[in-house]
There are 4 protein chains.
Amino acid sequence: MTGGAPGTVRPGGRTARVRAAVREATLAELAEHGYAGLTVDGVAARSGVHRTTVYRRWRNPDGLIADALELAAAEPWPVPDTGDLDGDLRAIARLVLTGLTDPAQGPVTRAFVLAAAQSAAAARSLHAFLARRLEQAAAVVERAVARGEAPAGTDAAEVVRVAVAPLYYRVFVTGEPVDRAAADRAAASAAVAARAGVLVR
Amino acid sequence: MTGGAPGTVRPGGRTARVRAAVREATLAELAEHGYAGLTVDGVAARSGVHRTTVYRRWRNPDGLIADALELAAAEPWPVPDTGDLDGDLRAIARLVLTGLTDPAQGPVTRAFVLAAAQSAAAARSLHAFLARRLEQAAAVVERAVARGEAPAGTDAAEVVRVAVAPLYYRVFVTGEPVDRAAADRAAASAAVAARAGVLVR
Amino acid sequence: MTGGAPGTVRPGGRTARVRAAVREATLAELAEHGYAGLTVDGVAARSGVHRTTVYRRWRNPDGLIADALELAAAEPWPVPDTGDLDGDLRAIARLVLTGLTDPAQGPVTRAFVLAAAQSAAAARSLHAFLARRLEQAAAVVERAVARGEAPAGTDAAEVVRVAVAPLYYRVFVTGEPVDRAAADRAAASAAVAARAGVLVR
Amino acid sequence: MTGGAPGTVRPGGRTARVRAAVREATLAELAEHGYAGLTVDGVAARSGVHRTTVYRRWRNPDGLIADALELAAAEPWPVPDTGDLDGDLRAIARLVLTGLTDPAQGPVTRAFVLAAAQSAAAARSLHAFLARRLEQAAAVVERAVARGEAPAGTDAAEVVRVAVAPLYYRVFVTGEPVDRAAADRAAASAAVAARAGVLVR
DNA sequence: TCATAAACGAGACGGTACGTCTCGTCTTGTG
DNA sequence: CACAAGACGAGACGTACCGTCTCGTTTATGA
């Protein structure tokens, strides 16, 4: 009878309350049990919203994650501006480090990545989210180019990737510890590579 | 009453055949359906071994993956020696690229990583495997140091990480495409950083 | 503050149209899917009336059936008058037979009976309806008594019951086929019993 | 992996205990809540057998009823032999009466009939059961024919139908009360009709 | 004729039961 | 008599329908 998905037509009052409760419960469940432990039933119980309603609005566990990601995406992200490329990249790497290791954020971040690796819907959300972040972070490189720290034509996104990839690699692939030193080293590598003109488009 | 787990006491004849069949089936299932699609039932059916037997010996899906990983770890890995650091790192990055994108290997590699991220047993196997690879790959950096391409004290493992991390990052985190150009760029970044002495221990 | 149920205060125009549409849709759904397949949602969709309205006015699926029965009860019923008891009873049995086997009426009749067996509201409606029919049919027996075909004091209702019960029995209990021969035999039995004075009050 | 339905290959021990528990629970639930109130969940809870197991073995609520019916069919049924047709038919009618009105049996019997009317599986079971009963009861008529109480060629099954149909009719169709008098009258009608030769094949 | 209350349209939610899918454990009957 | 095969327990998934609630919108109807 209805046109689209529930929650899109009358997004006020109860509907909004329900959505908020479920989102919050999703994040909490992810932080506690990780992606594999995220269940619709668990979220429903925790949020006080009925199972059926969660299925109606979020369809499945991945839908929950996708929605939670949109919530996360809405949060502002402070693009650093320290004055030089090294400092900026270091700041970005440290932000990522925090996202991966902070007791509160870490499990959620990991869950997001795992979800994306196993669900197309979650992947879409995560990738959109990250694309936006990458785009924001690119400003750092563009400023560096303007200052003459890096050659024109430098691939800003690639610089950022080099700066943060080793952190993700350690967390998700090799399971090695990550710390500030690791973040700084990765950032430094990226800065050097950018300066050397290795990362031009 | 046996001491250890089944399959450890009489590792000949049928026991060995069963193990081989299950390992092969596991890899095939991983290649076809990925990590999320790996089920004990599926492996049992494909291998012709009974469900119960699989549970007895491998305990759960992650156990299957851990075992399959050991199989993969046994395969020889050709450490490149092209004569200079850039070439060696590029060769390594391209090997990793193949492992991630090859139609046959890709799904299995991805499954291994996902499994490790969600199961302690799989993680142990994968991390041991990668540690060994990293150790082998370190040889190229040590040779570069000996040739004077990089300063003494360069952290060999870190160089390799910088060289391959962007590939994993793209595949597992941002879902961006990976190609030879990406591999080469990542390798070049690592070489530059190593030369610049940013990656000393 | 309304007095009674909706539809009682302003029974004109739209209200009447809604009622008619729902009744018709109910009968059609019953004919198509039977009692077990009758859903408020289905009736609402078919009638073009909104779910909520159906619930408001008819309360639940049984309410729909009860209402549809009242509609059926309003239809005139031709009490036969063939001149003798045998012929009258046979005519009645054949009417019942049609009601049970006719492609259009059969499913609805069966649905009514099943509904009555599972819902007090539907039962009330059906029993009232049948009581009226039984009363009308009793005229046949009374005429027979007046003609001397059956002894005074014959229980008219019981005669009719004996004449039609085997048909219902076959349809609802044993699932055996019913045809004109079965109807005629049942009617004949009732006539014989009535004549023999077995069915006096 | 298995050939047929569960419970057919290893019908001993636990399997048998499970079946017995479920059957008993089914009958109890039917007696308490009737057909409409029979739920797989309820039976599972009452029997102490897990939901999933019930679904595996009985498929759905109708499967439960079909199985319970087979259980009922196994119970011996005392075909009366009073010496004359009237007495025999009266005894049969009274047996049916008990089955319909006894506080313990009544609800179950009604549930069986309702189930049969709404489920092909239950219908098969019930019809097979009743066919067997009808066949047994036919002996009564055959003896009467042998004694000369009824003409040769009398349709034994039809006689029994006439004798019991009014009881079912009252219970399932008109909702009228049934008592011993009603049973006796129905039996008497059948006897008269049989004697009159109305029920020859 | 026109204000007003009745009735309806619409969307969302809580709730019960259904039937399915894996996983992992237990138990039976057979080689 | 061990163990392979069969059956079960456990829990989550996703669906259908029921019935309720809260809004807003239309439309009879009588003053």
Side-chain angles (χ1 to χ4, degrees), chain A residues 1-19 37-42 44 48-61 63, chain B residues 6 37-42 44 49-56 58-61, chain C residues 1-3 5-19 37-42 44 48-61, chain D residues 1-19 37-42 44 48-61:
Chain A
M1 245 120 289
T2 313
T8 56
V9 176
R10 289 167 55 186
R14 181 164 64 165
T15 294
R17 280 197 306 280
V18 162
R19 186 172 195 192
L38 183 77
T39 70
V40 171
D41 286 25
V49 170
H50 199 273
R51 255 171 56 75
T52 312
T53 298
V54 177
Y55 276 110
R56 250 193 298 258
R57 294 265 296 268
W58 286 270
R59 189 79 183 178
N60 55 31
Chain B
L38 183 77
T39 70
V40 172
D41 286 29
V49 171
H50 196 270
R51 269 168 42 75
T52 314
T53 301
V54 178
Y55 276 110
R56 247 195 301 272
W58 286 270
R59 191 77 184 175
N60 55 32
Chain C
M1 203 72 34
T2 313
T8 54
V9 176
R10 287 165 54 187
R14 181 166 63 168
T15 295
R17 280 198 305 279
V18 162
R19 185 172 196 194
L38 183 76
T39 70
V40 172
D41 286 28
V49 170
H50 198 271
R51 265 171 45 77
T52 312
T53 300
V54 178
Y55 276 110
R56 253 193 296 260
R57 293 266 297 270
W58 287 270
R59 189 81 184 174
N60 56 30
Chain D
M1 249 117 289
T2 314
T8 56
V9 176
R10 288 168 52 188
R14 182 166 60 167
T15 295
R17 281 197 303 279
V18 162
R19 184 172 197 194
L38 183 76
T39 71
V40 172
D41 285 25
V49 169
H50 199 272
R51 256 172 52 76
T52 312
T53 298
V54 177
Y55 276 110
R56 252 193 295 257
R57 294 264 298 268
W58 286 270
R59 190 80 182 172
N60 54 32

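This one's a predicted model, so the numbers in the text were calculated from it and none came from an experiment. Here is how names work: the chains are called A, B, and so on, in the same order as the sequence lines, proteins then strands, and each is numbered from 1.
The phosphate of E:dA12 has neither OP1 nor OP2 within less than 4.0 Å of any side-chain N or O from A:Thr15. For E:dG15, neither phosphate oxygen OP1 nor OP2 lies less than 4.0 angstrom from any side-chain nitrogen or oxygen of A:Thr52. Remark: D:Arg57 is in phosphate contact with F:dC8, judged by side-chain N or O atoms under 4.0 Å from OP1 or OP2. Residue D:Arg17 places at least one side-chain N or O under 4.0 Å from the OP1 or OP2 atom of E:dT28. Look at D:Tyr55 and you won't find any side-chain N or O under 4.0 angstrom from OP1 or OP2 of E:dT20. One finds no side-chain N or O of D:Arg51 lying less than 4.0 angstrom from the OP1 or OP2 phosphate oxygen of F:dC8.
At the heavy-atom level, B:Thr39 lies under 4.0 Å from the strands shown only through sugar-phosphate atoms. Residue contacts shown for D:Arg59 are limited to sugar-phosphate atoms, with no base heavy atom under 4.0 Å away.
Both B:Pro61 and D:Asp41 lie near DNA chain E, and the one whose nearest nucleotide falls closer to the 5' end is D:Asp41. The nearest heavy atom of DNA chain E to D:Gly42 and to B:Asn60 marks one nucleotide each, and the one closer to the 5' end goes with D:Gly42.
Taking 4.5 Å as the limit, every side-chain heavy atom of D:Val49 sits out of range of all side-chain heavy atoms of D:Arg57. Looking at A:Val40 and A:Trp58, their side chains never come closer than 4.5 Å, going by heavy atoms from C-beta outward.
Note: CG (D:Leu38) to C1' (E:dC18) measures 13 Å, nearest angstrom.
At a cut-off of 3.5 angstrom, the base of E:dG14 holds at least one donor-acceptor pair with the side chain of A:Arg56.
The nearest pair of heavy atoms linking C:Leu38 to C:Pro61 is CD2-O, 3.9 Å.
Atom CZ of C:Arg56 and atom OG1 of C:Thr52 lie 6.0 Å apart (nearest 0.5 Å).
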